[in-house]
Amino acid sequence: GGMKAFKWLTISLVVLLLAAVALPFLVPLQTYIPEIEEQASAKLKEPVKIDILRLDLLPVPQVTAENISIGHGPDIQVKSITVVPDLFSLPEPVRVLKSIELDGVTVAQEVFGKIPAWTKFDGAPATIAVQRIVFRNLILKFNQGPLGPLEGEVLLTNAGGVEQARLQTADGKAKLLTRPEKPDRYALQFNAKGWKLPAGPALFFNELNANGHATQNDLLVEHLAGK
């Protein structure tokens, strides 16, 4: 009777509410790919291509792009990029991205000369703030041979600057930690155990520790000890 009708009405309202909430997420994200490619290409001044774009609601709402290429070579290839937004920031002028995770990244040597132009501040007000960047299975393709796989993490300040960056080999035998000390100057700390030089002389280190500083043009090693 009345109780059954009430239960049916309640279930119907819950279903309608869930449908209303889910409806925006049912829009195929593939339709946004051309616009994203165009904006990214304009920013980097290099062709950008994306094969797949999808939205996952679990375990947390996140957007994943797959099979991304940048440049004519292409200079950069990425198997997947996953972006986790702070949902509460979406209505705000500056949207916060909790993390950007890159997996399966291949970077050609020619890219390193382009990075300063790609990251140059263009004077426009910031509309996105990124808190953390994580990358896995990174391969750097130098003329002398590939370096990797590597993995790492970059923590960013509210102003968009680097707070701390970590890079290490996938087996954890070699680690590089860097943090800014002053504008355009970074402190470097390198530690390795049971590590062989990836290129050049076939040198093996039971232990290797180094400290120094780096700028855009110079690298100063203040301490180096190995055995």
Side-chain angles (χ1 to χ4, degrees), residues 29-54 62-85 97 99-124 126-156 160-171 174-178 180 184 186 188 190 197-200 214-219:
L29 295 187
Q30 298 294 105
T31 59
Y32 295 99
I33 288 180
E35 180 181 354
I36 295 174
E37 289 178 338
E38 182 178 352
Q39 292 184 6
S41 298
K43 172 67 176 177
L44 300 177
K45 295 180 174 57
E46 297 280 349
V48 176
K49 295 295 180 184
I50 301 171
D51 279 353
I52 298 172
L53 189 65
R54 72 173 191 272
Q62 55 190 10
V63 176
T64 299
E66 296 183 356
N67 302 327
I68 305 102
S69 64
I70 302 173
H72 294 280
D75 296 327
I76 299 177
Q77 292 179 296
V78 186
K79 183 178 179 181
S80 69
I81 300 177
T82 299
V83 178
V84 179
L97 303 182
S99 67
I100 299 177
E101 299 188 8
L102 301 92
D103 190 10
V105 185
T106 302
V107 181
Q109 179 173 324
E110 292 75 16
V111 168
F112 297 106
K114 302 177 182 180
I115 291 178
W118 288 357
T119 57
K120 184 178 180 181
F121 179 60
D122 58 8
T127 58
I128 294 178
V130 181
Q131 296 180 338
R132 178 171 171 260
I133 301 174
V134 178
F135 49 89
R136 301 181 181 88
N137 299 309
L138 168 66
I139 303 292
L140 304 178
K141 297 177 66 176
F142 294 101
N143 294 335
Q144 296 84 357
L147 175 62
L150 305 171
E151 57 186 40
E153 177 184 54
V154 180
L155 302 180
L156 302 172
V162 175
E163 180 178 316
Q164 178 178 293
R166 171 184 56 83
L167 179 68
Q168 68 180 46
T169 56
D171 57 15
K175 301 178 181 180
L176 175 65
L177 184 68
T178 178
D184 300 324
Y186 290 83
L188 304 176
F190 179 80
L197 279 180
T215 66
Q216 186 172 347
N217 301 315
D218 299 299
L219 173 63

Would you give the length of the straight line joining atom [atom1] of [X] to atom [atom2] of [Y], rounded to the nearest 0.5 angstrom?
| X | Y | atom1 | atom2 | result |
| --- | --- | --- | --- | --- |
| I68 | I52 | CD1 | CD1 | 9.5 Å |
| L176 | T169 | CG | OG1 | 11.0 Å |
| I76 | I70 | CD1 | CD1 | 4.5 Å |
| N137 | D103 | CG | CG | 5.0 Å |
| I33 | D51 | CD1 | CG | 7.5 Å |

For [X], what residues pass the salt bridge (charged side-chain N to carboxylate O under 4.0 Å, His left out) criterion, not counting sequence neighbours?
| X | answer |
| --- | --- |
| R132 | E153 |
| E151 | none |
| E37 | none |

List the residues meeting side chain to side chain donor-acceptor pair (under 3.5 Å) with [X], not counting sequence neighbours, and say none if there are none.
| X | result |
| --- | --- |
| S99 | none |
| N67 | none |
| Q131 | none |
| Q164 | none |

Can you confirm whether more than 12 heavy atoms, excluding those of E38, are under 6.0 Å from its CD atom?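 Atom CD in E38 is not packed in, count stays at 12 or less.
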How close do [X] and [Y] get, counting heavy atoms only, and between which atoms?
| X | Y | value |
| --- | --- | --- |
| V107 | V105 | CG2-CG1, 3.8 Å |
| E46 | G71 | OE1-CA, 3.6 Å |
| R166 | F135 | O-CZ, 4.4 Å |

Residues that F190 engages under ring pair (Phe, Tyr, Trp, His ring centres under 6.0 Å), provided they are two or more places apart: W195
Out of T178, V154, I133, which one pairs with V162 under the side chain to side chain contact (heavy atoms under 4.5 Å, CB included) rule?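 Checked T178, V154, I133 against V162; only one passes side chain to side chain contact (heavy atoms under 4.5 Å, CB included): V154.
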Just to verify, what does [X] make a side chain to side chain contact (heavy atoms under 4.5 Å, CB included) with, not counting sequence neighbours?
| X | result |
| --- | --- |
| S41 | V48 |
| T64 | R54, D56, E66, S80, T82 |
| I139 | T106, K141, P146, P149 |

Verify side chain to side chain contact (heavy atoms under 4.5 Å, CB included) between V134 and I100, making sure each step is shown before the conclusion. CA-CA 6 Å; V134 178; I100 299 177; over 6 Å; no
